[in-house]
Each structure stands twice: as C-alpha cells, then as structure tokens.
Amino acid sequence: MKNIIAIASFAAILLVSCTSKAPVATAAPAVSASTPEQIAQGKTIFENSCGRCHKLPDPASHNSVQWVGIMNSMAPKAKLTDEQHQWVYDYIVSVKK
C-alpha cells in the first residue's frame with residue numbers, strides 16, 4: 001500500500017513538473033484617462049492638498065503600481081473625489097515619463 005501511495009505521489013509530481021507553464025501576462029502601462037487640463041488640475045491638487053500635510057514625494061520615487069496603493073490610502077485623508085484621485089494619479093505617473 002505504501003508503494004502505491006509513493007508511486008502515485010511521484011507520478012503526480014512528475015506530471016505537474018512536466019506541464020508547460022502558462023505565459024505570465026505583464027501589465028502594460030495604463031493609458032491616462034485624463035485630459036491634459038485634468039492632469040494640470042491634478043498637479044495643482046497634488047501640490048495644494050498633499051503638500052498641506054507633508055513634504056511632497058518625488059513622483060519618481062515609486063513605480064505606478066506602488067502609487068496606486070499610496071493614492072488609495074492618501075486620497076480619503078485628502079478628501080479627494082474619485083475624479084480628483086484619478087487626476088492626481090495621472091499627473092504623478094505622467095511626471096515620470
């Protein structure tokens with residue numbers, strides 16, 4: 001009985017290790033949903049709302065994925081609307097280009 005379990009386990013491991021790996025999808029950079037005017041407004045909001053409580057971070061100090069988390073935690077504290085949140089994010093990401 002132990003031999004059957006050992007053989008079955010070995011066969012399962014062998015099958016799993018021999019299967020091809022699914023290609024990993026890489027996220028393409030999101031295209032800005034904001035107009036140039038809205039991005040300019042995002043800059044103003046960033047400087048005034050964010051700068052009111054702390055030193056402004058350098059947009060290049062984090063990647064776009066990290067900025068999502070930062071923005072999601074800070075936007076409610078700054079009482080940003082969803083639109084303002086998007087404009088500030090688009091501004092920050094556009095500065096890095």
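Since this is a predicted model, take the numbers as computed values, not measurements. The analysis underlying the following values was restricted to heavy atoms, covering all of them including side chains, and did not include hydrogens, waters or symmetry mates. For this chain, numbers begin at 1 and follow the sequence in order.
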Non-hydrogen side-chain atoms of Ile70 and His62 separated by less than 4.5 Å: yes
When rounded to the nearest 0.5 Å, the distance separating CE of Met74 from NE2 of His54 is 3.5 Å
Between the CD atom in Gln86 and the CD atom in Gln41, the distance rounded to the nearest 0.5 Å is 14.0 Å
State, to 0.1 Å, how close Lys79 and Gln84 come at their nearest heavy-atom pair, and which atoms those are. O-OE1, 4.1 Å
The reported gap from CG in Asp58 to CD1 in Ile92 (rounded to nearest 0.5 angstrom) is 10.5 Å
Flag if over 12 foreign heavy atoms under 6.0 Å of CG, Asn48: yes
Step through the shown structure and confirm whether more than 12 heavy atoms of other residues, nucleotides or ligands are within 6.0 Å of CD on Glu47. yes
In short, Ser49 meets Leu80 closest at the heavy-atom pair OG-CD2, 4.2 Å
Donor-acceptor contact present, side-chain Trp67 to main-chain Tyr89, <3.5 Å: no
Heavy-atom closest pair, residues Leu56 and Gly51: CD2-N, 3.3 Å
Heavy-atom closest contact (Phe46 atom, Pro57 atom, distance): CZ-O, 3.6 Å
Those residues at least two apart in sequence (or on a different chain) that pass side-chain contact (heavy atoms from CB on, under 4.5 Å) with Asn63 are Val65, Gln66, Lys96
